[in-house]
Structures are given as C-alpha cells and as structure tokens.
Amino acid sequence: MIKRAMKAGGMPSLKSTFAALVKSKRVRGNIKNLLRVNQTSGFDCPGCAWGDNKSGTFQFCENGAKAVAWESTEKKVGEVFFASHSVSSLLKQNDYWLEYQGRLSQPLKYDASTDHYRPIEWSEAFAFIGEQLKQYDANQVELYTSGRASNEVSYLYQLFGRLLGTNNFPDCSNMCHQASGVALNASIGVGKGTVVLDDFDHADAIFVYGQNPGSNHPRMMNALRKAARNGCKIVTFNNLKEVALERFASPQDPVELLTTSATEISHMYLTPKLGGDMAAIRGMVKHILESGAAVAQSFIEAHTIDAEAYIDVVKATRWEQIEEQSGLTKEDIASAATLFTNSSRVISTWAMGLTQHKHSVDTIRELVNLHLLMGQIGNKGAGLCPVRGHSNVQGNRTMGINESPTPAFIDTLEETFGVNLPKTPGHNVYQALQALNNGESKVFIGLGGNLAAAASDTDYTCNAIKQAELCIHIATKLNRTHLLASKDAIILPCLGRSEIDRQNGVEQGITVEDTFSMVHASHGGTEPEGLNCLSETAIIANIAHATLGDTPIDWLYLAEDYSRIRDLIAKTIPGFADFNEKIRQPGGFYLGNTARQRKWVTPTERATFSTALLPDALYPTKVVSEIEKQRGPILTLQTLRSHDQYNTTVYGMNDRYRGIENMRNALFLNPEDAKRMKLNEGDKIEITSIWEDKVTRKVDGFTVVYYDIPKGNAAAYYPETNPLVPLDSVGDKSFTPTSKSIPILVKASTTAIASHQL
Ligand SMILES: Nc1nc2c(c(=O)[nH]1)N[C@H]1C(S)=C(S)[C@@H](COP(=O)(O)OP(=O)(O)OC[C@H]3O[C@@H](n4cnc5c(=O)[nH]c(N)nc54)[C@H](O)[C@@H]3O)O[C@H]1N2
Ligand SMILES: Nc1nc2c(c(=O)[nH]1)N[C@H]1C(S)=C(S)[C@@H](COP(=O)(O)OP(=O)(O)OC[C@H]3O[C@@H](n4cnc5c(=O)[nH]c(N)nc54)[C@H](O)[C@@H]3O)O[C@H]1N2
Ligand SMILES: [Mo]
C-alpha cells in the first residue's frame, strides 16, 4: 500500500523547488526570476490564477517555481533537432519527452514531402500564412486560445478573428470553468467570482469543493492556513483525501519548515461520491429548512426570485436519494449545514471537481442557491469563488475570447472600428473538433495550449486536428498538437512570461486578470538568449497584417507599443477606462463585480434560484446494457492532475502528496472494489469506458493502486486517460467534457503495455 504524505508543503516543497531549478540548467537566472514572480515590478506567475497580496519576499510556490523553471530552460529545439527527427518519429515520443527537449527557438514550416519541420524566416512565415488564410471562408478557421495569453494579445486575437469574419473561438475554458460561467451568469448575472482575496481574512467559514489547492493553487494554501489559524472553519468536500487540505506546513514558517508540525486546515472533511455534490448541497439546504434555522428572509425578498419554487423542490427531494447520490450520511450533511448557518460570513470555492460533470451547471447553481438562501453574497468575507486555472484565463474571456459574444460587445466593436462583424455564435472546443473532423473547418490556429492532449477522446481529437489543411501553432515548447500535421503546418515560437519583450527597443509590459478580477501589469525580466522568438502580440499583429492589411486597424502600429492596444481596450471594454494609468498603481486595479454590489444583471434584475431536480444517474450514459453489467462492476472514473504536472505538461513522474513515485499510469481504486474485481495492488490492467456509440475506448498497461476513495469511484491522471472520455460526453449547457465522471470497466491486462503515449 502506498504511503500518503503526512503533511503538505514544508521542507520537501523547498527541496522540490530547488530540484526544478537544477533541472532547468539555469539555476542563477531562475533564482533571479523567482524573486520577481508576482512582485509589483515583476511578472505574473504563469502557474495559476490565484491573486497576489504583494507583501513579502517570496510570492511564488513550489509549483509556480516549476512552471517558471520549465519555461526558462537553457535547452532548445531548432534546426538540427528537426532535421534529425521526422514528425512521425516524434509522434512516437510521449509529451514529457517532447517538451523536455527545450524551447522552440525558430519559426518552422512542415514539409509534407519529407515529413520534417524546417526553419523558415519570420517574414516568409507571415507572408505564407496571410496568403493561405485569404483562401478560406472565415468560418472554416478555428482560433484556439489557452489561458496564458495576455489581455493585449487576446484582445488583438479576437479582433483579428472577428474582422476575418468568425466567432470560432474554442478555448481552454470550454474544458475548464465553462459551467461556472454559465451557472453564475444565469443565477447572479455575472460569470465571475464575487469575492476578493481580502475576503478570505474575514470569513468565518470557507467551504472548498472539488479542488486540490495543495498542488494546483498552492498560494491559496497560505490564505487557507491563515484563515484556519485565525479560527475560520474550513469544510472540504473532496472525493479524495488530499493531504494539503488536511495538514499544511508553510515553507515560509521556520517551525513548520523544520519540524513535523503543520496547520490543521479542514475542520470537517467530507468525501462525496463523484458528481455527488449537488445532492450534498441540496441535503444541506434540506437540513436548514427542516431544522428551522433562520434563512435570510429580507435578502431573499429584496434580491431574488423563485425561492418558493426552489424550496418546494428541496422539500420534494427525499433524504434516501440525497444520501445515495452524495454517498454521505444525513448526519454529516447536517453538521456541514449547521456549520454554514452558524457562520456569519461564508465563502465557497470550487474548481474542476464541480465543473467537469454532466450536471455541473445545475450543481454550481445549487451552490449559489445555498448562498442566496442564507444571504451569503455581496458582504465582506462572504461569497462565491470559482478558482480559475490558467493564469489569465479569466482575462481572455474579459477581452472577448468567447464563441458567443454578447450583442453589446459586438456593437461597441462595430461602432469603434466602423465595421460589420459576425453575430452568429462560433464554435467551442467540442464543436470545433467536430467541424475539423468532418471537414467543415480547415484551419487550426493555436495561441498556446496543447489541444490534442487536453481535449477528450484522444483518437478522435488527434484525427480531427490532422484533418486541418493548415495549422498555425504559437508556442513556447514542442507538443503533440504540433505534430498532427498533414498538409501545411507552421510553428511560431514565442517569448514566455518571464522574458523581456522589447518592441522598437522599448520594454513592454502585458496585463493579466486574476481569479479576483484584479488586473495588473507583468514585466518579463530575463533576456531571451539564443531564441529567435517574437512576442505573442507581435506574432498575432503580423498574422493579422498579412491577412487583412492595415485598414481599419494598423496592426503593426499597435504592436509597437502595447499601451496603444490598452487604449483600444479602454475604449471598448467596460471597466477599463484609463487603463494605462490604472496599471501604474502597485497591485493593479479591481474590475468590480456587479453581484458583489448586489446588482443583478439578469433579465429580471434579481438573483435567480434554480429549480433543477437531482440527476437520475451520476454518470453520463443513457444506456448501461445488461451485457455491460455482466462484464463487471461499472466504476466512475475521475481524471485529475498529479503534483508534478501543469495540465498536459508533465514535469516529473511523482505525485508526492499522494505517495506515488515514478508512475503516471496509476488507477486509484478502493481495495474492496479491487477485491470484487479479483484484482490486487500492483496488477496491470486495462480500462474501458462505456458509451452509447459502441466505439471501444480503452487504455492499457495501467497499475492498480489501493487508495482511500469512495467505493465505486476511481481516479487516474489526465491527460493519459483522455482516450477514455467520449467526445459527446459533455456537460449540459456547458459542453465541458465530463472528465470527472466517466463510467468504466476494469480488467486484468492481457498485454500490460502502455497503450497511449500521452
Ligand atoms: N501545478 C499545477 N497548477 C495548476 C494546474 C496544473 O495542472 N498544475 N492546472 C491549472 C488549471 S488549468 C486548473 S483548471 C486548475 C485545476 O485545479 P483542480 O480543480 O484542483 O484540479 P484537478 O486535479 O482536476 O482536481 C480536482 C479535485 O477535485 C476532486 N474531485 C473530483 N471530482 C470530484 C467530485 O465530483 N466532487 C468533489 N467534491 N471532488 C471531486 C479531486 O479529488 C481533486 O482533488 O489548476 C490550475 N493550476
Ligand atoms: N481528462 C481531462 N482533460 C482535461 C482536464 C481534466 O481535468 N481532465 N482539464 C482541462 C482543463 S481545466 C484545461 S484548462 C485544459 C488545458 O488545455 P491547454 O491550455 O490547451 O493545455 P496546456 O497543457 O496548459 O498547454 C501547454 C502548452 O502550452 C504552450 N505554452 C506554454 N506557455 C506558453 C506561452 O506563454 N505562450 C504560448 N503561446 N504557449 C505556451 C506549450 O507549448 C505547452 O506545450 O485541459 C483540459 N483537459
Ligand atoms: Mo483549467
């Protein structure tokens, strides 16, 4: 049986930080880099979207350090590398190997006749792209964005796409917090969280749902630790026991660093079944109503609609269904509810454990219902906090990277630039992959990211990208998506966040927006030595210039000085007036949030209770046939991150907190489930998912790991398990892949060979 860590953080975190620096082969430069992370005059950590408090020398965490060191490596891939490796041979390597080869250091063009990428001059690359893009109908172009792109480049990118004539903006949000945006918009009229970082210092209770901040938002642990030490009660709902949410030692506290001591984080730790949170939250509300605890009657009357209808739905939901679906007892749910009602200021945070299910929108709306019922929104120390993933994913959306732009936004752009823009919604990730696969779309542009590995149904997704006649990748590191070339493909290497970006000899800053709607500047500090790279902003401006010319927008003029782009943002996006002045303030500025001010931008101008029923089943398959039942017990699988990865970027093979060493193909199973299936720890297995379309989706060569996980549930790492997630298995109203609830069958492996190279 593997041994989980006793506490998170502490000395091993520091050791791991230094190991990452050494591995980057650039120790000095990266130490200097780390001291600038999230400092007022420094750069925004590319790790996650948690906010900065700007006090103290260290504003980075172990995993932020890994992200910075991974970007800022001495290793490079260029002409020699690509001459000696054909694209098909590179496709046989795994993603870890591909990225580990180093930074992309010059523009490259795919030569289908030899199956090699070859260097190309920047000017040739842009001319080629411009000529090619003119040949296509705009709606045949898919413009993908990953959430690291700055506000400035995102703004130019969406403007370029729209002037080209399309709203096809699939982005990583579609696979991430889309359900949060849809749910919050419907319930409270704004798709963002309502709290700011300071609220964490004033909350009496913090509820953390479906989130592993110890690995994915380590700086959030400082806020939780501080809160817990000040007597705030933290309640965790997580399918797994995540050690950081149990005990955390701050690497900046000498006692916790050097001894075995740590801060107890969760006052109460509940482990619901995968997808069981909606039932758990409904149970909390049911208990509140049955116990006669006071609800926020005057808030409900002044600010909301549909409370009565919701209360009726709650009353009609049976406790048996709540207990069965959540996997929690009525007593545990009641204790959590009592803690909620006994606290005068409550924050709820959540991440992928709530957003990647079929009924995610309803689940998040249920959580909003609870807050509305108790009036826990729009007051200090209380509110809703979807914790964003990528460091500027929230900013991308604010800048207009959205396949369904609001009419008001399009109107403003049309008026400002004197143009006509497309109004019909474009494609999200799900629709873009279908369109590429069936030949409807023919061009794929990737502003960062690794869609081939990040999206579900890996075989389908890879095939879809491979159908594109032209792929344009703007990236720092080589990955699988770049290798799915069939006709024309171009790789344009870009600067990273930590590097100095000069235009016309003048250093440029970019801006980002964090999870708390704080917008602030970021300035790279190291010279991009030996890299023939351009900034992302310059690359997009050049592509737009080559394709659309200089009217009505002089793209190259804008890219010469990013404050010119910010002036356009100020003119066209609400909340950005005086943008250039405001980012001079240390720490940036707050964009504001209407729901925080108890202004509800909904059709009724009120916050709206949702009245959805609990789902019939927790995994998203319509038919589980008798035959499948006979093939063995069906488990529900969640696909999650290890401590040593950033999405599809795998830094190493360990998952320290969960006690995993040197293994990525692990399947975490409850020992009793394993026994039922006649499997033992260490056995090699194959995993098959179940879906209506009868396509066999299978991964092989996985290893059984016994784990403290609810019976009937299993966990394995993403992206290795993405081949199991059917493309069509998406969230209702969100289209987000159901990456946290996949029905699977497990059996002993016949070949024991890892089947996927991801
Ligand atoms: N170091 C590092 N930092 C990152 C990332 C990274 O890969 N590495 N990725 C970034 C991105 S883009 C994102 S979106 C975030 C992701 O941050 P997280 O959402 O924390 O990431 P996951 O690993 O998907 O973890 C999901 C957590 O939810 C739990 N869970 C899963 N299903 C359920 C459920 O049904 N109910 C409940 N209650 N719990 C459940 C899992 O046990 C796990 O603890 O992190 C961001 N930060
Ligand atoms: N099964 C399963 N699938 C999932 C998830 C899950 O939990 N389970 N999570 C989903 C989530 S939350 C997300 S956000 C997506 C992530 O999807 P993506 O955002 O597409 O994936 P990343 O792995 O973050 O992208 C990594 C690549 O970005 C490029 N890159 C890194 N830094 C930069 C930069 O500064 N500029 C540019 N231009 N490129 C850069 C590098 O080439 C690197 O290879 O995956 C989703 N997929
Ligand atoms: Mo994400």
Side-chain angles (χ1 to χ4, degrees), residues 46-50 61-64 66-67 70-71 95 98-99 104 144-150 153 171-177 208-218 236-242 245 270-277 280 350-357 360 363 387-391 393 429 446-456 473-482 492-498 536 539 618 636 638-649 651 709 713 715-722 724-725 736-737 739-742:
C48 74
W50 189 254
C61 65
E62 173 191 349
N63 278 349
K66 286 184 203 160
W70 188 259
E71 172 174 296
D95 268 339
L98 292 174
E99 282 211 28
L104 289 159
Y144 177 69
T145 315
S146 165
R148 266 193 205 181
S150 67
V153 71
D171 74 338
C172 69
S173 257
N174 296 144
M175 300 177 277
C176 183
H177 263 295
V208 180
Y209 296 88
Q211 197 196 343
N212 180 22
S215 293
N216 299 320
H217 302 93
T236 295
F237 285 78
N238 196 305
N239 186 245
L240 302 177
K241 287 278 179 65
E242 302 286 22
L245 289 166
L270 303 176
T271 49
K273 281 190 196 168
L274 290 171
D277 300 84
W350 70 92
M352 298 304 99
L354 288 205
T355 66
Q356 295 177 331
H357 297 283
S360 285
T363 300
V387 184
R388 302 284 162 177
H390 267 299
S391 52
V393 62
V429 163
L447 178 55
N450 183 6
L451 187 61
S456 45
H473 307 287
I474 298 135
T476 49
K477 295 269 190 100
L478 183 65
N479 67 42
R480 184 155 304 271
T481 308
H482 311 149
L492 302 173
C494 66
L495 297 175
R497 221 19 108 67
S498 56
E536 293 177 316
I539 292 172
L618 280 184
T636 308
Q638 66 151 319
T639 60
L640 78 180
R641 292 152 175 80
S642 80
H643 191 62
D644 259 2
Q645 75 182 83
Y646 194 91
N647 296 339
T648 68
T649 299
Y651 303 127
I709 185 170
N713 287 175
Y717 300 125
Y718 133 74
E720 286 83 349
T721 41
N722 256 337
L724 294 173
V725 190
T736 302
S739 315
K740 297 288 190 272
S741 47
I742 308 149

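Just so you know, ligand 1 is whichever comes first in the structure, and atom 1 is the first atom listed for that ligand.
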Region of [X] engaging ligand 1 - heavy atom pairs below 4.0 Å:
X: H357; answer: side chain
X: H217; answer: side chain
X: N63; answer: side chain
X: E242; answer: side chain

What part of [X] sits under 4.0 Å from ligand 2 if we count only heavy atoms: the side chain, the backbone, both or neither?
X: N722; value: side chain
X: R497; value: neither
X: N479; value: side chain
X: C494; value: side chain
X: M175; value: both

Between the candidates [options], which shows the shortest non-hydrogen contact distance to [atom]?
atom: atom 7 (O) of ligand 2; options: Q638, R641, H177; value: R641
atom: atom 1 (N) of ligand 1; options: A67, A49, S215; value: S215
atom: atom 33 (C) of ligand 1; options: A351, G353, G389, C176; value: G353
atom: atom 6 (C) of ligand 2; options: E71, M352, Q356, H473; value: Q356
atom: atom 14 (S) of ligand 2; options: G147, C172, A149; value: C172
atom: atom 10 (C) of ligand 1; options: W50, W350, Y646, Y209; value: Y646

Is any N or O atom of [X], backbone or side chain, closer than 3.5 Å to an N or O atom of ligand 1?
X: L354; result: no
X: G275; result: yes
X: K740; result: yes
X: L274; result: no
X: N238; result: yes

Numbered atoms and elements of ligand 2 in range of [X], under 4.0 angstrom, heavy atoms:
X: Y144; result: 17 (O), 18 (P), 19 (O), 20 (O)
X: H390; result: 14 (S), 19 (O), 24 (O)
X: S146; result: 18 (P), 19 (O)

Would you call T476 a ligand 2 contact, heavy-atom distance under 4.0 Å? yes
Do any heavy atoms of R148 fall under 4.0 Å from ligand 2? yes
Have a look at S215 and tell me which of H643, R641, Q645, E242 forms a side-chain hydrogen bond (donor to acceptor under 3.5 Å, both in side chains) with it. H643
Apply side chain to side chain donor-acceptor pair (under 3.5 Å) to S146 and list each qualifying residue two or more places apart in sequence or on a separate chain. H390
Which residues share a side chain to side chain donor-acceptor pair (under 3.5 Å) with T476, sequence neighbours left out: none
With distance as the sole test, does R497 use its side chain to make a donor-acceptor pair with the main-chain N or O of R148 at under 3.5 Å? yes
